[in-house]
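For reference, the structure is listed below as structure tokens.
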Amino acid sequence: MRLLSLAACLLILSSCQDWPDPVIRSVTPSEMVASEATTLAIDTRLPLPMGVDYATGEVEADTRVTLTVGTLTAPTLTVLDISPQGVITARVPSLLEPGSYDVKLALGDGRTAVLEDGLTVAPGQWPEGYTIDPIGPQVQQAPFTITV
């Protein structure tokens, strides 16, 4: 929860509870490779629910937003930024199988926005295996380098 100055929100009515639904305008990039974590920019309209406390002169805004791609919920720590223009930046890990996925935003009060097939995941190039170079003579209790 964030507190905003009353001067910034003079037109907000404290009794308003019919906030408009959020909207996802676009997802950039709209395609990612399955084997590569990708940072997405979700362009949104996020009408955050607010309440006015006239006694203290403060406005309270509920800024909780959850991002889901398919069944993958972006961990809270990966939501990097919510800009004043309504662009949410989040890093999506390389956990999704190739295909199309809905992108969903859920606000703290339960309102949601869904962009159907908002992200396409293309097949990735995963390694078939790993090799470890030979390890030369070592000294006990001393660190050494391994190249993978």
Closest approach of Ala113 to Pro22 (non-hydrogen atoms, all atoms of both residues): CB-O, 3.3 Å
Lys104 with Asp102: basic N within carboxylate O range, under 4.0 Å: no
side-chain contact (heavy atoms from CB on, under 4.5 Å) evaluation trace for Leu107 with Thr112: CA-CA 6 Å; Leu107 301 183; Thr112 61; over 6 Å; no
Let me have the donor-acceptor pairs involving side chains of residues 120-129, under 3.5 Å, with sequence neighbours excluded, atom names and distances please.
none

Distance in Å, Ile42 CD1 paired with Thr89 OG1, rounded so as to fall on 0.5 Å steps: 7.0 Å
Linked, directly or transitively: Val52 and Met50 (ILVMFWY side chains, under 4.5 Å): yes
Val65 side chain near Ile88 side chain, heavy-atom distance below 4.5 Å: yes
Nearest-0.5 Å distance, CG of residue Leu119 to CG of residue Leu96: 7.0 Å
Non-neighbouring partners of Thr56 that pass side-chain hydrogen bond (donor to acceptor under 3.5 Å, both in side chains), sequence neighbours left out: Asp53
Hydrophobic cluster membership, Val33 vs Val27, 4.5 Å side-chain cutoff: no
Contact check, side chains of Leu105 and Thr44, non-hydrogen atoms, under 4.5 Å: yes
N/O donor-acceptor pair under 3.5 Å between Arg45 side chain and Pro20 backbone: no
Check: Gly136 main-chain N/O paired with Gln138 side-chain donor or acceptor under 3.5 Å: yes
Atom of Ala34, atom of Ser94 and distance for their closest heavy-atom approach: O-CB, 3.1 Å
Test side-chain contact (heavy atoms from CB on, under 4.5 Å) applied to Val103 and Leu67, Val114, Leu40, the passing residue: Leu67
Atom pair OG/CG of Ser35 and Leu95 - distance to nearest 0.5 Å: 12.0 Å
Residue pairs passing the salt bridge (Lys or Arg N to Asp or Glu O under 4.0 Å) test where at least one lies in residues 110-123, sequence neighbours excluded: Asp109-Arg111
Backbone N/O of Glu36 and side chain of Thr38: donor-acceptor pair under 3.5 Å: yes
Tyr101 OH to Thr71 OG1 distance, which is reported to the nearest 0.5 Å: 7.5 Å
Shared hydrophobic cluster for Leu115 and Leu46 (ILVMFWY, side-chain gaps under 4.5 Å): yes
